[in-house]
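First the proteins, then the strands, lettered A, B, ... as listed; each starts at 1. Because the structure is predicted, anything quoted here is derived from the model rather than measured.
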Number of protein chains: 2
Amino acid sequence: MLEQNLTEQSPLERSTVRATLAVSTVIFTLRPDDESGLKTLWLPLVRRTRDPHLGLWALPGGWLPADEELAAAAARTLRETTDLSPRYLEQLYTFGDIDRSPGLRVVSVVYWALVRSEVAERASVGENVRWFAADQLPPLAFDHNSVVEYALWRLRTKVEYARIAHAFLGDTFTLAQLREVHEAVLQKALDPANFRRSIESSGSLISTDQHVAGARHRPARLYRYDDRAAEHDPPGPTM
Amino acid sequence: MLEQNLTEQSPLERSTVRATLAVSTVIFTLRPDDESGLKTLWLPLVRRTRDPHLGLWALPGGWLPADEELAAAAARTLRETTDLSPRYLEQLYTFGDIDRSPGLRVVSVVYWALVRSEVAERASVGENVRWFAADQLPPLAFDHNSVVEYALWRLRTKVEYARIAHAFLGDTFTLAQLREVHEAVLQKALDPANFRRSIESSGSLISTDQHVAGARHRPARLYRYDDRAAEHDPPGPTM
DNA sequence: CATCATATAGTCAAAACGACTCATATAGTC
DNA sequence: GACTATATGAGTCGTTTTGACTATATGATG
């Protein structure tokens, strides 16, 4: 940045043609599939109301204001399209291929976010905002299909070693609910006993003394995510 | 990117104050420590010849030309400061805090790179380019100290599960040389037998029928990195 | 109170891993 | 030419982790 061997003028003087910065967000939630009833990953898209790619669906996002932090811009676009606050927000990747946007050189810093399922149910939907099943997307604007694909890969790999699945749930939840999240993300069934063992050994949950009654079986204990455990998470820039 | 709900004019019209895009690169190589003789991580820095932070050392980089790919810009700054080609180059993170550069809003897409040790030995050094031991850096310009710290964390975690260590070496190398790389990066001794076992089971190397002679002991077999194995590496945007 | 369905606990073998032993092959030394 | 130092490369052993499986607990239902 501000490397001196190349730039003898200020960047604004040097070139009239500059890359433009945008921020986009891949927002995941879990909701029951219409057919199977099983929970699957969904994400909101916005319809483009201008060229390029007018009419196509695209990731929510916008130009980066010079006075707004990157993560704040991602959270804002998330709020504006879904009326939700992210339970988890992390930078995914920066996409900057020259030809990814016709005409203008656009470099997009993409974030990915997780929001709670129940809240997302009543999330705003309109003519220009719609939720799609993450693995059944139509052709999207720009390179957004591959962006989503990469975000999906990141979510699926990270859920296996990081404590992020609880971001889809409320403050307290049963192990069965947490397992349901893992199963939905990984798209495979998990053994309840083994799942319990691995979660317990990770020390990421605190067991409350509350139970959920009403079901036609032994009541399940409610757990809470252990915030103190987050201190042991990998370092580096998050959010 | 090009989100429509927010932006009713083109971004250029909308705001005269825009963020400026830069690309920087953390370039790692291995070289023997002056005292211990053990190989440690080193990286090249450039001295700032203008404000802000005039005189301080900084990561090599520069403004992003609108007609150059992000990774190409990273590789170019790498070539311009070290005269080397990267054996490994990957996007690290995009740093964009509002106050990270005084005055101007600069968003830096940072790459990290590995270059071969032997070649880096004769790499260009000058008044304004110098190599530093990665864990003994002076106070750097901007947020570059934390950038390097994050790059170091990324290198150390990734070398344990990805096949990147060979990027420090030549086309063929002994297992002892590869182990020396791992030991230098992880800063701990590794059991030769166990290291051999894990590498062999990973299937990332092809054994040649060549051996290195001259040493006062049993000659070690030379191995070659298996390019076909790279197909099984994680997907997503690389380089 | 028998039954059902899931929560929770426990078992067992295979695989992965760390620490360790030992035979092998060269170059240098006597 | 025998001996020695040294690192390669193969193998052993016990511990930990992991996946598949079995068994028990408990409230709701009829």
Side-chain angles (χ1 to χ4, degrees), chain A residues 32 37-39 156-157 159-163 165-166 169-170 172-224 232, chain B residues 32 37-39 156-157 159-163 165-166 169-170 172-224 226 229 232:
Chain A
L38 294 174
K39 287 197 174 176
R156 289 188 168 129
T157 46
V159 81
E160 293 203 86
Y161 67 88
R163 315 178 183 89
H166 65 94
L169 301 170
T172 60
F173 45 86
T174 67
L175 284 181
Q177 290 172 323
L178 190 64
R179 178 169 49 86
E180 188 183 21
V181 171
H182 280 249
E183 289 179 335
V185 170
L186 299 176
Q187 294 179 299
K188 65 177 178 184
L190 299 174
D191 181 87
N194 292 341
F195 181 78
R196 164 181 302 272
R197 183 175 59 188
S198 73
I199 291 291
E200 280 178 342
S201 72
S202 78
S204 58
L205 296 189
I206 304 173
S207 77
T208 73
D209 47 4
Q210 300 177 357
H211 297 259
V212 275
R216 195 186 169 194
H217 55 75
R218 176 173 175 179
R221 182 184 290 272
L222 281 171
Y223 290 82
R224 182 186 306 280
H232 304 122
Chain B
L38 294 174
K39 287 196 173 175
R156 289 188 167 127
T157 46
V159 80
E160 293 203 86
Y161 67 88
R163 314 177 183 91
H166 66 94
L169 302 171
T172 60
F173 44 85
T174 68
L175 285 182
Q177 289 173 324
L178 190 64
R179 178 169 49 86
E180 189 183 20
V181 171
H182 281 249
E183 289 178 336
V185 170
L186 300 176
Q187 294 179 298
K188 65 177 179 184
L190 300 174
D191 182 86
N194 293 340
F195 181 79
R196 164 181 301 273
R197 183 175 57 187
S198 72
I199 290 291
E200 281 178 343
S201 71
S202 78
S204 58
L205 296 188
I206 304 173
S207 76
T208 72
D209 48 3
Q210 300 178 357
H211 297 258
V212 276
R216 192 189 172 190
H217 55 75
R218 176 174 175 177
R221 182 183 290 273
L222 281 172
Y223 290 83
R224 182 185 307 280
D226 188 354
H232 304 123

**Report entry** Nearest-0.5 Å distance that lies between atom NZ in A:K188 and atom CZ in A:R156
**Finding:** 11.5 Å
Distances under 3.5 Å only, N/O to N/O: pair up the protein atoms with those of nucleotides 25-30 of chain C.
from	atom 1	to	atom 2	distance (Å)
C:dA25	N3	B:R218	N	3.4
C:dA27	O4'	B:A215	O	3.4

Requested in this report: Starting at OG1 of B:T172, measure out to OH of B:Y223 and round the result to the nearest 0.5 Å.
Outcome: 12.5 Å
Query raised in the report: Taking atom CD of A:E183 and atom CD of A:E180, what is their separation to the nearest 0.5 Å?
Result: 7.5 Å
Query raised in the report: Taking atom P of D:dT8 as reference, at what distance in whole Å does atom OH of B:Y223 sit?
Result: 11 Å
Query raised in the report: So B:H182 and B:F195, would you call those rings parallel, tilted or perpendicular, with 30° and 60° as cut-offs?
Result: perpendicular
Query raised in the report: Does the B:Q177 side chain pair with the main chain of B:T174, one donor and one acceptor, at a distance under 3.5 Å?
Result: yes
Requested in this report: Considering non-hydrogen atoms only, spot the tightest contact between A:L190 and A:R179 and give its length.
Outcome: O-CD, 3.8 Å
Query raised in the report: Between B:L190 (CG) and D:dA7 (C1'), how many Å, whole number?
Result: 16 Å
Using the 3.5 Å cut-off, write out each protein N or O paired with an N or O of nucleotides 17-20 of chain D and the distance between them.
from	atom 1	to	atom 2	distance (Å)
D:dG19	N7	A:R197	NH2	2.7
D:dG19	O6	A:R197	NH1	3.2
D:dA20	N7	A:N194	ND2	2.9
D:dA20	N6	A:N194	OD1	3.3

Report summary line: Interatomic distance, CD1@A:I199 vs CG@A:L205, rounded to 0.5 Å, equals 5.5 Å
Report summary line: From CD1 of B:I199 across to P of C:dC17 the rounded distance in Å is 12 Å
Query raised in the report: Nearest-Å distance, CZ (B:F195) to C1' (D:dA10)?
Result: 17 Å
Requested in this report: Would you mind pulling out the nucleotide paired to C:dA27, Watson-Crick or G-U wobble, both distances under 3.5 Å?
Outcome: D:dT4
Report summary line: For B:S198 and B:S201, the nearest pair of non-hydrogen atoms, with its separation, is O-OG, 3.0 Å
Report summary line: Whole-Å distance, A:Q177 CD to C:dT6 C1', equals 13 Å
Query raised in the report: For B:R196 and C:dT24, what is the distance between atoms CZ and C1' respectively, to the nearest whole Å?
Result: 12 Å
Query raised in the report: Whole Å only: how far is the CG atom of A:L222 from the P atom of C:dT6?
Result: 18 Å
Query raised in the report: Distance from A:L175 atom CG to A:L222 atom CG, nearest 0.5 Å?
Result: 9.5 Å
